[in-house]
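Below is one structure, written out as structure tokens, with a few remarks after it.
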Amino acid sequence: MQNYAEAVRDFVEKHATGLTVAFVAGAGVLALRRWFAGGVCRSKVRLDGKTVLITGANTGIGKETALDMAQRGARVILACRDMTRARIAADEIRQRSGNGNVVVKKLDLASLQSVRDLAKDIRENEDRLDILINNAGVMMCPKWKTVDGFEMQFGVNHLGHFLLTNSLLDLLKKSTPSRIVIVSSLAHEKGRIHFDDINLDKDYKREVSYRQSKLANVLFCRELATRLQGTGVTVYSLHPGVIRTELGRHLFPTLALWKRIIAMPFLMLIKSPWEGAQTTIYCAVDESVANASGLYYSDCAAKTAATQALDDAAAKKLWDVSASMVGLA
């Protein structure tokens with residue numbers, strides 16, 4: 001044993017510099033990882049007797065949000081396109097939360113008819129809707145069209161949720177105090193609404209499309225909050241962070257090999273789905289923001305949105321354009 005201790009001491013003395021560098025580097029990585037993890041929702045509020053609807057809740061941050069809502073005692077509706085995966089997710093959420101009141105509903109945000117069908121189902125079969133979380137989305141996909149002929153990212157990320165939200169407003173008002181949470185992105189900061197070419201038919205670039213759709217989310221939140229003043233329904237938009245989810249499935253495979261190799265180490269630093277869901281959960285339940293509406297959040301705190309997201313005239317114009325596109329009176 002003494003010889004072993006001496007051997008260790010001798011090794012440490014000979015490699016002191018290298019061991020110091022390794023320790024400092026390791027501590028730095030851990031600190032960086034903790035910084036990337038962001039804020040955590042500390043609210044212990046219960047949701048017994050309340051109903052929560054979450055779009056795209058079969059995977060990623062939507063699934064983690066659904067699990068949290070179920071653990072708080074809510075009736076949770078998973079509104080998803082892939083029913084098989086949604087049922088599997090619902091079973092897992094029931095088992096992990098001990099809450100059997102988790103149901104699955106069909107929703108394809110790329111089809112306005114599907115949105116209308118779900119909204120009709122909810123209005124006819126649900127007594128209340130306390131929290132609507134517009135979580136589902138697509139990112140950096142090729143130039144695809146929705147069933148109704150809209151550019152896919154704008155159609156799914158904004159128009160589908162725009163119609164769904166408006167179609168459920170009466171039920172949300174009936175259930176006050178209620179909340180609408182809209183998952184946007186930091187990408188909105190580089191976004192612009194192309195009112196002269198909303199579907200980007202003239203010059204489609206996937207990153208431009210994504211940024212436009214995320215800016216539309218924040219502008220929608222702002223205008224909706226204005227229209228809902230005094231109703232008891234509050235609205236929140238947020239940036240969940242950079243997260244390890246399936247959302248990047250259209251982007252990563254298209255990168256050059258050398259870019260993917262460089263990116264791999266950084267993937268270990270970005271948020272997990274549980275960490276990425278925290279700001280959504282915060283906006284949905286935290287008591288401190290109960291009277292706030294129309295603000296933008298990141299890491300469980302209010303942040304200042306980009307200048308173009310604070311343009312009230314653009315927010316109203318986008319509302320009018322969107323209402324016309326989805327056939328909303």
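When reading the values below, keep in mind they use all heavy atoms of this one structure, side chains included, and skip hydrogens, waters and symmetry mates.
- Formation of a donor-acceptor pair under 3.5 Å by the S324 side chain with backbone atoms of D320 is not found in this model.
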Quiz prompt | Check against side-chain hydrogen bond (donor to acceptor under 3.5 Å, both in side chains), T165 and N134 | solution = CA-CA 8 Å; T165 302; N134 293 332; 2.9 Å; yes
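- Side-chain contact, T55 with H161: a donor N or O sits under 3.5 Å from an acceptor N or O.
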Practice problem: Just do the side-chain hydrogen bond (donor to acceptor under 3.5 Å, both in side chains) check on D286 and S43 with the steps written out, would you? | Solution: CA-CA 5 Å; D286 199 273; S43 173; 4.5 Å; no
Quiz prompt | Derivation and outcome, salt bridge (charged side-chain N to carboxylate O under 4.0 Å, His left out), residues R72 and D68 | solution = CA-CA 6 Å; R72 294 174 188 271; D68 183 277; 2.5 Å; yes
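- Around CG of D48, the count of heavy atoms belonging to other residues, nucleotides or ligands within 6.0 Å exceeds 12.
- Side chain of Q278 to main chain of E275: no donor-acceptor pair is present (N/O by atom type, distance under 3.5 Å, no hydrogens or angles).
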Exercise. Before giving the answer on side-chain contact (heavy atoms from CB on, under 4.5 Å), spell out for V45 and E287 the whole-Å C-alpha distance, their side-chain angles and the decisive distance to 0.1 Å.
Key: CA-CA 8 Å; V45 70; E287 304 90 330; 3.8 Å; yes
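- For the pair L164 and L168, the minimum side-chain heavy-atom distance is below 4.5 Å.
- Using a 4.5 Å heavy-atom cutoff, the side chains of M152 and V138 are in contact.
- A donor-acceptor pair under 3.5 Å is formed between the side chain of S111 and the backbone N or O of S114.
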Self-check item: Derivation of the salt bridge (charged side-chain N to carboxylate O under 4.0 Å, His left out) call for E189 and K214
Solution: CA-CA 9 Å; E189 294 186 351; K214 294 291 103 178; over 6 Å; no
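- No side-chain heavy atom of V52 sits under 4.5 Å from any side-chain heavy atom of I77.
- Here the side chain of H158 pairs no donor or acceptor atom with the backbone of G155 at under 3.5 angstrom.
- Here the side chain of T234 pairs no donor or acceptor atom with the backbone of S293 at under 3.5 angstrom.
- Heavy atoms from other residues, nucleotides or ligands lying under 6.0 Å from NZ of K173 number more than 12.
- Side-chain contact between N166 and W319 is present, with heavy atoms from C-beta onward closer than 4.5 Å.
- Put simply, the side chain of S178 gets close to the backbone of L172: a donor and an acceptor are under 3.5 Å apart.
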Quiz prompt | salt bridge (charged side-chain N to carboxylate O under 4.0 Å, His left out) assessment of R96 paired with E92 | solution = CA-CA 6 Å; R96 293 177 61 186; E92 181 183 336; 3.2 Å; yes
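- Counting heavy atoms from C-beta outward, L78 and L53 have side chains that stay 4.5 Å or more apart.
- Under a 3.5 Å cut-off, the side chain of E151 and the backbone N or O of W144 do not form any donor-acceptor pair.
- For the 3.5 Å distance criterion, the side chains of Y282 and S288 qualify, holding a donor opposite an acceptor.
- Residues Q212 and I198 meet the side-chain proximity criterion, which asks for heavy atoms closer than 4.5 Å.
- One N or O on the side chain of N99 and one on the backbone of A70 form a donor-acceptor pair closer than 3.5 Å.
- The salt bridge (charged side-chain N to carboxylate O under 4.0 Å, His left out) check on D201 picks up K143, K145, with sequence neighbours excluded.
- Taking 4.0 Å as the cut-off between side-chain N and carboxylate O, E207 and R211 do not count as a salt-bridged pair.
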Exercise. Report the C-alpha separation of D170 and R123 in whole Å, then their side-chain angles, then the decisive distance to 0.1 Å, and conclude whether the salt bridge (charged side-chain N to carboxylate O under 4.0 Å, His left out) test is met.
Key: CA-CA 9 Å; D170 287 344; R123 290 195 305 266; over 6 Å; no
Exercise. Determine, step by step, whether Y297 and V289 satisfy the side-chain contact (heavy atoms from CB on, under 4.5 Å) criterion, reporting the C-alpha distance in whole Å, the side-chain angles of both residues, the deciding distance to 0.1 Å, and the verdict.
Key: CA-CA 11 Å; Y297 294 80; V289 297; 3.7 Å; yes
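- A side-chain donor-acceptor contact under 3.5 Å links T231 to the backbone of L228.
- Ion pairing between a basic and an acidic side chain is recognised when a charged N comes within 4.0 Å of a carboxylate O; D91 and R94 show such pairing.
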Quiz item: Where do V76 and I54 land on the side-chain contact (heavy atoms from CB on, under 4.5 Å) test, with the steps shown first?
Solution: CA-CA 8 Å; V76 183; I54 309 171; 4.2 Å; yes
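- The hydrophobic cluster containing Y296, built from Ile/Leu/Val/Met/Phe/Trp/Tyr side-chain heavy atoms closer than 4.5 Å, also comprises L186, V218.
- Between the T176 side chain and the V233 main chain, no donor and acceptor come within less than 3.5 Å of each other.
- Between V285 and M69, the closest side-chain pair of non-hydrogen atoms falls below 4.5 Å.
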Exercise. Show your reasoning for whether side-chain contact (heavy atoms from CB on, under 4.5 Å) applies to D130 and R179.
Key: CA-CA 6 Å; D130 301 271; R179 302 188 189 190; over 6 Å; no
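- Side-chain contact check for I180 versus I131: every heavy-atom pair is 4.5 Å or farther apart.
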